[in-house]
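Structure, as structure tokens:
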Amino acid sequence: MKLLSIFLMAPGAGGGGIMDFIPLILIIVVFYFFMIRPQLKKQKETKKFRESLAKGDKVVTIGGVHGKISELKENTVILEIANDIRITVEKAAISSDFATDSGISRTAK
């Protein structure tokens, strides 16, 4: 019983206690659920997206270049950005799928 009273001692009662650490513990929990956990989830989704890239997908790079994948290699992607114009970019530079990102088809004005 005495040990429990030492841990739950009020801050002004002369000793420390677990009550002094409760605000710090709550801040850590809030940071985890509102900052760390969503970031980890987003990283997993991005990794899964980059692994699922296939020839013919329309994508956007982090630099804003729109193109269609014409060839996939281990770490790079060859994008066709116009007729007979191809560029090589890293897979890490692919940010999103064009079809789901813009919501606008290329034939729409």
Side-chain angles (χ1 to χ4, degrees):
M1 186 67 158
K2 185 169 176 122
L3 183 63
L4 181 62
S5 65
I6 290 172
F7 280 118
L8 298 176
M9 213 179 275
I18 199 161
M19 295 300 277
D20 290 341
F21 293 106
I22 287 181
L24 181 63
I25 292 169
L26 289 175
I27 289 171
I28 292 170
V29 169
V30 167
F31 267 93
Y32 176 76
F33 281 107
F34 289 106
M35 296 181 78
I36 298 170
R37 190 168 177 240
Q39 184 66 29
L40 292 175
K41 184 178 177 185
K42 186 175 180 179
Q43 285 176 348
K44 285 180 185 178
E45 289 173 357
T46 303
K47 182 179 179 185
K48 184 178 176 183
F49 165 73
R50 288 184 180 144
E51 289 173 351
S52 70
L53 290 174
K55 185 177 179 180
D57 288 348
K58 294 180 181 176
V59 294
V60 181
T61 66
I62 57 176
V65 177
H66 293 243
K68 187 169 94 172
I69 297 176
S70 62
E71 189 177 333
L72 285 166
K73 295 184 180 178
E74 187 176 335
N75 293 323
T76 59
V77 174
I78 297 177
L79 290 180
E80 184 173 349
I81 57 175
N83 290 339
D84 296 327
I85 298 175
R86 291 182 175 90
I87 59 173
T88 303
V89 295
E90 293 288 323
K91 276 188 178 179
I94 305 293
S95 67
S96 63
D97 186 14
F98 177 73
T100 59
D101 188 43
S102 66
I104 301 172
S105 68
R106 288 186 175 225
T107 58
K109 291 185 179 181

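What you are looking at is a predicted structure, and each value in this text was computed from that prediction instead of being measured.
Side-chain N or O atoms of Ser95 include one that pairs as donor or acceptor with a backbone N or O of Val60 at under 3.5 Å. One N or O on the side chain of Ser70 and one on the backbone of Ile78 form a donor-acceptor pair closer than 3.5 Å.
Note that the CG atom of Leu72 and the CG atom of Leu53 stand 6.5 Å from one another [nearest 0.5 Å]. With values rounded to the nearest 0.5 angstrom, Ile85 atom CD1 is found 9.0 Å from Glu80 atom CD. Taken from CG in Leu79 to CD1 in Ile87, the straight-line distance is 5.0 Å, to the nearest 0.5 Å. Put simply, CD on Glu45 and CD on Gln43 are 11.0 Å apart, with the number rounded to the nearest 0.5 Å. Rounding to the nearest 0.5 Å gives a distance of 6.5 Å between NZ of Lys42 and CD of Gln39. Between the NZ atom in Lys91 and the CD atom in Glu51 there is a gap of 8.0 Å [rounded to 0.5 Å].
Of the candidates Ile62, Thr76, Thr61, Val77, Thr76 is the only one forming a side chain to side chain contact (heavy atoms under 4.5 Å, CB included) with Glu90.
Nearest approach of His66 to Ile81, heavy atoms of both residues: O-CG2, 3.5 Å. Shown here for Tyr32 and Pro38, the closest heavy-atom pair between the two residues is O-CD, 4.1 Å.
With hydrophobic clusters built from ILVMFWY side chains whose heavy atoms lie under 4.5 angstrom apart, Val29 does not share a cluster with Ile22.
Other residues, nucleotides and ligands contribute at most 12 non-hydrogen atoms within 6.0 Å of the NZ atom of Lys55.
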